[in-house]
Structures are given as C-alpha cells and as structure tokens.
Peer 1: 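Structure incoming, see below.
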Amino acid sequence: MISLEQHTDHYFYLYANCFVTRGFSRSTIIDVAHKNLYFIDNAYCDLISRFRVDKIGAVINSFEAQKDVTYFLEFLNFLQANNLGTFVQDITLFPAISLDWDHPSKVTNAIIDSRNINHDFEDILKQLDDLGCLDVQLRFYEKTEISYLESILELTAPTAITAVQMIIRYNALIDSMDYHRLVKKYPVLDLIIVYGSPENKFLEQHDDVREVFKKVLFTTQAVDSCASCGTINLRSMSIPDSVQGYAENVRHNSCLNRKVSVDENGDIKNCPSLPRSFGNVKDTPIARVLEDKDFIKAWNISKESITVCKDCEFRNICSDCRAYTSIPGDILSKPAKCTYDPYLANFA
C-alpha cells in the first residue's frame, strides 16, 4: 500500500506508452506496451491531467473530504499495481511522447477483392510495391485452389510486402495439411481466414522449435461480398502494438489511412464497400489515383470529427467504417454496424 507521506513532494508519472481517452460516461487507459485496456471514472481522468502539473501533495490538498483522499490513494495503488506509472521527483525529465504520425510509404496497406475475375495480380502487386505497401489483404468470394493461392504468393517474393492475409471460401477438397504447408512455405502469409466452415477453430502451426502460431482461422460466418465487413464490436477492436500505431489512429482514419483497395470488378477505391471508383486498375495507375485530393481526403477522417464516435472511450482503438454509416451519405456519421452506445456505456 502506498504511503502518501513519502510521496507528497513527488509527481506521479503515467508511463509514456499509456494513453487516456475520455468518453462521455467513462474513460479508458490504453497500455500500448502490454496491449491492455483499463476503464476508469471520468473524475480520475481529470486527476491524471493534473499529474504533469501538480505534485501529489498539491492534489491531496485540493480535496475537501477525507474519503476523496482515500479514493485517490486507491487509484494510485491501482496505477502502480498494473504497471501504468510510478513516482518521480522531476516530471520534466519524462516528456510526453508526440502523437504526430507519418510514414515513408505512400500506401501502407491494401485490399484486393476477387470474384470470377482474374486480376492481373502481378501488375497490381508490383504497383503496390512501388508505392511502399507493406500489408495486403486478399479476399476471395469464390472457391479457390491451393495452387492458385500459391501462384499469387509467389508474386510477393520480389516485393517488399511483409504481410499477406487471405480470406477464402471453405472448400471441402482442401484439407488442414494443405493450409499447414501453405503457411510454412510462405512466411509472408500472416493469416488465413476460411469462412463458411462447418466449425469454428484455429489450426495450430508449429515451427522447427515447436512454437505454436495460430495462423489459420476457420469460421462458420458467411462472407458473400464486401458488404460483410464493417461490423464493430469488442472483438473487432484492437490495441495497436506500437505508439506509432496508436498515433495513427488518433490523427487519421484507423481503417482508410494510406489504404488502396481494388474491388472485385477492378475498380480502385478507398474501400471496396464505398461507392465511388477512382478508375479501374486495368487502365488507371494506382499512383495516379493518389494524386486525387478526394481520394486522400478520407485518410484524415479521425474519430474526433465523427458524430457519436467523438464521445466514445473506445475511439482510439476502434476499426471504424466509413462505408456503412448510420446516416446514409453522411461520411461523418456513426458506423451503422456499431452497436455500442457511449452515452449508456453498453452494447445493444
């Protein structure tokens, strides 16, 4: 238990990798380093804002009731017990981390949808590589063969793409060992999601030292088109694994920033689910689309500018969706497939 007498002349330093988000009903502390989330009362959010200005003694002296001192002590114990901060003598030695964000790549991530059309994957992946794209998600709305998936993965070898996700329809002719071999052969293959499966399960992938990686997910969920995405719930939220990832969520749109998508017809969009096309990949270079101010405008729609979302304590770890909004045509309205109410602090 903390002895306040020992720390009245100290500041409390909330670690730089811990970020507070104030919501309408409650606040959150996001610990990026350990990928943990904690709920706190908004009153404690106000107290944290004083930590960089007032010493512990000054905070205590501002309380009128002894019970408030007790609650404050319990809060400090909570912060220390969860490794969220510590006492320091000189707070200026621990400056806050800047949340400015930038990236050397013109495009960092991409989605390519496929249905009964043979995209020129070699050309598309080459264009994405030229733009510095690191992560690519491939979504197939028809049954595919392992050999076809391999032919696409082979095309990533000469590129700087670091991670590929594949979302594919369940095919009873492909057994688990086929997926096992695919993941082992292509380290760039970060995740396979097999939808329409008879059961929900993970396929465990072992490497040579017997470490286990769950890289193949089977789900009974049906995925018929890009309209299947955009659902927002606790499972869809993800704490970024770096301060830079968190900063991107704060400063930009967590879904669309630096993203390029090619829909099943070859149309280049911010997202396959959005109606506007900026040209077709068959005759329009992706680099040319990036010169369109209307295309990059969506990158900067942060949660602070979205109705309802700006009052949500989850806003800086939310996947967001600008394609399906609660007010059709209003790109600044709440995601239509989000059931969370920040004013009541519950999911419908």
Side-chain angles (χ1 to χ4, degrees), residues 105-171 173-174 178-179 182-183 185-196 215-217 222-230 255-292 295-296 298-299 323:
S105 299
K106 293 183 178 179
V107 168
T108 59
N109 64 110
I111 296 176
I112 305 173
D113 281 359
S114 176
R115 187 203 304 271
N116 303 323
I117 290 181
N118 292 322
H119 290 313
D120 186 346
F121 280 101
E122 183 174 13
D123 178 61
I124 295 173
L125 293 174
K126 173 63 168 59
Q127 289 190 61
L128 292 175
D129 183 44
D130 290 343
L131 295 169
C133 185
L134 302 176
D135 302 314
V136 178
Q137 184 181 82
L138 306 174
R139 307 191 300 196
F140 300 92
Y141 301 122
E142 73 284 342
K143 289 185 178 180
T144 55
E145 303 292 335
I146 286 290
S147 59
Y148 181 57
L149 301 179
E150 282 193 276
S151 69
I152 297 173
L153 289 169
E154 287 288 344
L155 298 173
T156 65
T159 73
I161 294 171
T162 59
V164 174
Q165 291 186 1
M166 287 185 163
I167 300 177
I168 61 179
R169 185 182 294 274
Y170 176 77
N171 186 343
L173 299 178
I174 302 177
D178 291 322
Y179 295 117
L182 196 66
V183 170
K185 184 176 181 180
Y186 299 98
V188 72
L189 188 52
D190 184 61
L191 176 67
I192 301 176
I193 298 177
V194 183
Y195 63 88
K215 288 193 169 184
V216 184
L217 168 65
V223 179
D224 299 318
S225 69
C226 61
S228 300
C229 74
C255 178
L256 300 179
N257 188 44
R258 301 286 178 100
K259 173 175 281 172
V260 166
S261 299
V262 178
D263 76 3
E264 59 188 66
N265 297 312
D267 288 331
I268 304 171
K269 300 178 176 181
N270 289 110
C271 165
S273 297
L274 284 167
R276 182 171 178 181
S277 170
F278 292 83
N280 193 283
V281 74
K282 291 180 180 178
D283 51 36
T284 303
I286 297 175
R288 186 189 301 167
V289 170
L290 300 184
E291 297 173 0
D292 192 316
F295 183 84
I296 64 175
W299 295 359

Peer 1: Between L125 and T156, is the side chain to side chain contact (heavy atoms under 4.5 Å, CB included) condition met? List the steps.
Peer 2: CA-CA 7 Å; L125 293 174; T156 65; 4.1 Å; yes
Peer 1: Tell me the closest heavy-atom pair linking S228 and A222, and the distance in Å.
Peer 2: OG-O, 4.0 Å
Peer 1: Could you check V216, L191, D190 and say which one makes a side chain to side chain contact (heavy atoms under 4.5 Å, CB included) with V183?
Peer 2: V216
Peer 1: Quick one: CH2 on W299 to CG on L256, what's the gap to the nearest 0.5 Å?
Peer 2: 10.0 Å
Peer 1: Which pair of heavy atoms, one from N116 and one from E142, lies closest together, and at what distance?
Peer 2: N-OE1, 3.3 Å
Peer 1: When rounded to the nearest 0.5 angstrom, what is the spacing between CZ in R139 and OG in S225?
Peer 2: 8.5 Å
Peer 1: Drop me the distance from R258's CZ to L131's CG, to the nearest 0.5 angstrom.
Peer 2: 11.0 Å
Peer 1: May I ask you to test the M166-L153 pair for a side-chain heavy-atom distance under 4.5 Å?
Peer 2: yes
Peer 1: Heavy atoms, side chains only, cut-off 4.5 Å: are K185 and E154 in contact?
Peer 2: yes
Peer 1: Between S273 and C229, is there a side-chain heavy-atom distance shorter than 4.5 Å?
Peer 2: yes
Peer 1: What closest approach, in Å, do C226 and P272 show between heavy atoms, and which atom pair accounts for it?
Peer 2: SG-O, 3.6 Å
Peer 1: Would you find a donor on one side and an acceptor on the other, under 3.5 Å apart, between the side chain of R169 and the backbone of G196?
Peer 2: no
Peer 1: Walk me through it: do I168 and Y179 pass the test side chain to side chain contact (heavy atoms under 4.5 Å, CB included)?
Peer 2: CA-CA 11 Å; I168 61 179; Y179 295 117; 3.6 Å; yes
Peer 1: Do Y141 and D224 have side-chain heavy atoms sitting under 4.5 Å apart?
Peer 2: no
Peer 1: Between NZ of K126 and CG of D120, what distance do you get to the nearest 0.5 Å?
Peer 2: 12.0 Å
Peer 1: Run through L149, D113, I112, V223 and flag the one making a side chain to side chain contact (heavy atoms under 4.5 Å, CB included) with F140.
Peer 2: L149
Peer 1: Using side-chain heavy atoms (C-beta onward) and a distance below 4.5 Å, is K215 in contact with L189?
Peer 2: no
Peer 1: Provide the closest heavy-atom pair for F278 versus K269 in the form atom of the first, atom of the second, distance.
Peer 2: CD1-CA, 4.4 Å
Peer 1: Compare all side-chain heavy atoms of V260 with those of V289 and state whether any distance is below 4.5 angstrom.
Peer 2: no
Peer 1: Could you walk me through whether D135 and T162 pass the side chain to side chain contact (heavy atoms under 4.5 Å, CB included) check?
Peer 2: CA-CA 6 Å; D135 302 314; T162 59; 3.7 Å; yes
Peer 1: Going from CG on L128 to CD1 on I161, what distance comes out if it is rounded to the nearest 0.5 angstrom?
Peer 2: 6.0 Å
Peer 1: So which atom in V262 and which in V281 form the shortest heavy-atom distance, rounded to 0.1 Å?
Peer 2: CG1-CG1, 4.2 Å
Peer 1: What distance do L290 atom CG and K106 atom NZ have between them, rounded to the nearest 0.5 Å?
Peer 2: 7.5 Å
Peer 1: Which atom names give the shortest non-hydrogen contact between I117 and E264, and what distance separates them?
Peer 2: CD1-O, 3.2 Å
Peer 1: Does N265 reach the main-chain N or O of D267 with its side chain, forming a donor-acceptor pair under 3.5 Å?
Peer 2: no
Peer 1: Please check if the side chain of N270 supplies one atom and the backbone of S261 the other of a donor-acceptor pair under 3.5 Å.
Peer 2: no
Peer 1: Could you check whether any side-chain heavy atom of S114 comes within less than 4.5 Å of a side-chain heavy atom of L138, counting everything from C-beta outward?
Peer 2: no
